[in-house]
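Notes follow once the structure below has been shown.
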Amino acid sequence: MSKEQRVLRYVQQNASRGDPDSVLAAVDKFGWETEWAMNVGDVKGLILDRFVKETAPQTMLELGTYMGYSAIRVVRLLPETAKFLTVEFNPENAAIANEMIAFAGLQNRIIQITSDSADVIPQLKKKYDVDTFDMVFIDHWKDVYVRDIKLLETNNLLRKGTVVVADNIINPGAPEYADYVRTCGKYDSTFHESNFEYSDDIDGLEKSVYRG
Ligand SMILES: Cn1cnc(CNC(=O)c2cc(-c3ccc(F)cc3)cc(O)c2O)c1
Ligand SMILES: [Mg+2]
């Protein structure tokens, strides 16, 4: 059984079906007490919550579903009318996420796409009926953060004020991305220091507002 399957089993045996907060609490408890996993987690998650509440996005994209933790974390704060798309490259992770999201009762609120983000981003307007995103959360492979934010720009998926949040700026690090958003002149970017998931190590989120 994979680690991700062990996390899903723990959630199914310890959380309440249809209760997103109990699902998040179970994943976090498992992450702290049993097995570390690369969810954004409860400490950085509180900062993400604040950004989501401040932005109140109607249309949002996540790159890097993993087990669905951050999708559940975000969508639990959005109105039923909001549109949330999440992209995961790894089909095993996507399958776990699908069950985790269903257990949380949010399967009708989240559109899961299992594909390489580089292939999906150019299709979002036509195939997924997207105009522009109000918010984006980037948490997939660190070495493609820059490729993908540039793809979002060139596919006209960002608008003046779009809030782009990126995980793991310190650990494992996304230095090329941090440098890009801070110096390219297209974003007002701020770093929010925090802790690495289920650890006392340092990490942080970058919040970059597109100038349009
Ligand atoms: C397979 N896969 C599905 N999603 C992804 C993209 N996410 C990451 O790679 C990722 C990695 C780490 C991390 C791992 C080992 C380590 F020693 C230090 C940091 C932390 C994170 O928060 C991440 O988001 C990969
Ligand atoms: Mg991460």
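These values consider heavy atoms only, across backbone and side chains, with no hydrogens, waters or symmetry-generated copies. Note that ligands are numbered from 1 as they come in the structure, with each ligand's atoms numbered from 1 the same way. For the single chain, residues carry numbers from 1 onward in sequence order.
Ligand 1 has no nitrogen or oxygen under 3.5 angstrom from a nitrogen or oxygen of Asn39. Annotation: Glu88 places no N or O atom under 3.5 Å from an N or O atom of ligand 1; distance criterion only. Geometrically, ligand 1 and Asn90 share no nitrogen or oxygen pair separated by less than 3.5 Å. At under 3.5 Å, not a single nitrogen or oxygen of Tyr66, backbone or side chain, sits near a nitrogen or oxygen of ligand 1.
Judged by distance alone, the side chain of Arg211 and the main-chain N or O of Gly185 form a donor-acceptor pair under 3.5 Å.
The protein atom (non-hydrogen) at minimum distance from atom 22 (O) of ligand 1 is Glu197 OE2, 2.5 Å. For atom 12 (C) of ligand 1, the nearest protein heavy atom (residue, atom name, distance) is Pro172 CD, 3.8 Å. Ranking the protein heavy atoms by distance from atom 18 (C) of ligand 1 puts Asn171 OD1, 3.4 Å first. The nearest heavy-atom contact from the protein to atom 4 (N) of ligand 1 is Met38 CE, 3.9 Å.
Leu8 pairs in a side-chain contact (heavy atoms from CB on, under 4.5 Å) with only one of the listed residues (Val27, Asn98, Ile96), which is Ile96.
Near Asp167, meaning under 4.0 Å from any of its heavy atoms, are these atoms of ligand 1: 22 (O). Heavy-atom contacts of Lys142 reach the following atoms of ligand 1: 7 (N), 8 (C), 9 (O), 10 (C), 23 (C), 24 (O) (cutoff under 4.0 Å). Within ligand 1, counting atoms from 1 as listed, the ones closer than 4.0 Å to a heavy atom of His140 are 6 (C), 7 (N). Interface atoms of ligand 1 facing Trp36, defined by a heavy-atom separation under 4.0 Å, are 13 (C), 14 (C).
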Point to revise | Verdict with reasoning, Tyr198 to Asp42, per side chain to side chain donor-acceptor pair (under 3.5 Å) | key: CA-CA 8 Å; Tyr198 315 120; Asp42 49 338; 5.5 Å; no
Check your understanding: Would Ser70 and Glu62 count as a side chain to side chain donor-acceptor pair (under 3.5 Å) if you check the C-alpha gap in whole Å, the side-chain angles of each, and the deciding distance to 0.1 Å?
Key -> CA-CA 9 Å; Ser70 45; Glu62 172 180 70; 2.4 Å; yes
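When distances from atom 16 (C) of ligand 1 to the protein are checked, no heavy atom turns up under 4.0 Å.
No side-chain N or O of Thr65 forms a donor-acceptor pair with one of Gln112 less than 3.5 Å apart. Side chains of Tyr66 and Glu4: a donor on one and an acceptor on the other come within 3.5 Å. A donor atom on one side chain and an acceptor atom on the other are found under 3.5 Å apart for Asn168 and Asp203.
The shell of residues lying under 4.0 angstrom from ligand 1, judged by heavy atoms, excludes Gly64. Within the 4.0 Å heavy-atom cutoff, Tyr145 does not count among the residues contacting ligand 1. For the ligand labelled ligand 1, residue Phe196 lies inside the 4.0 Å heavy-atom shell.
Checked for salt-bridge contact, Arg159 and Asp134 meet the test: a charged N lies under 4.0 Å from a carboxylate O. The residues Asp116 and Arg147 are annotated as salt-bridged, a charged nitrogen and a carboxylate oxygen being separated by less than 4.0 angstrom.
Evaluated by nearest non-hydrogen atom to atom 23 (C) of ligand 1, the leading choice among Thr65, Asn168, Asp203 is Asn168.
The shortest heavy-atom contact between Ala102 and Arg17 is O-NH1, 4.2 Å. Of all non-hydrogen atoms in Tyr128 and Lys83, the two that sit nearest each other are O-NZ, 2.8 Å.
With waters neither drawn nor counted, the protein N/O/S atoms under 2.8 Å from the Mg ion (ligand 2) amount to 3.
Residues Phe30 and Glu35 form a side-chain contact, since some pair of their non-hydrogen atoms from C-beta on lies under 4.5 Å apart.
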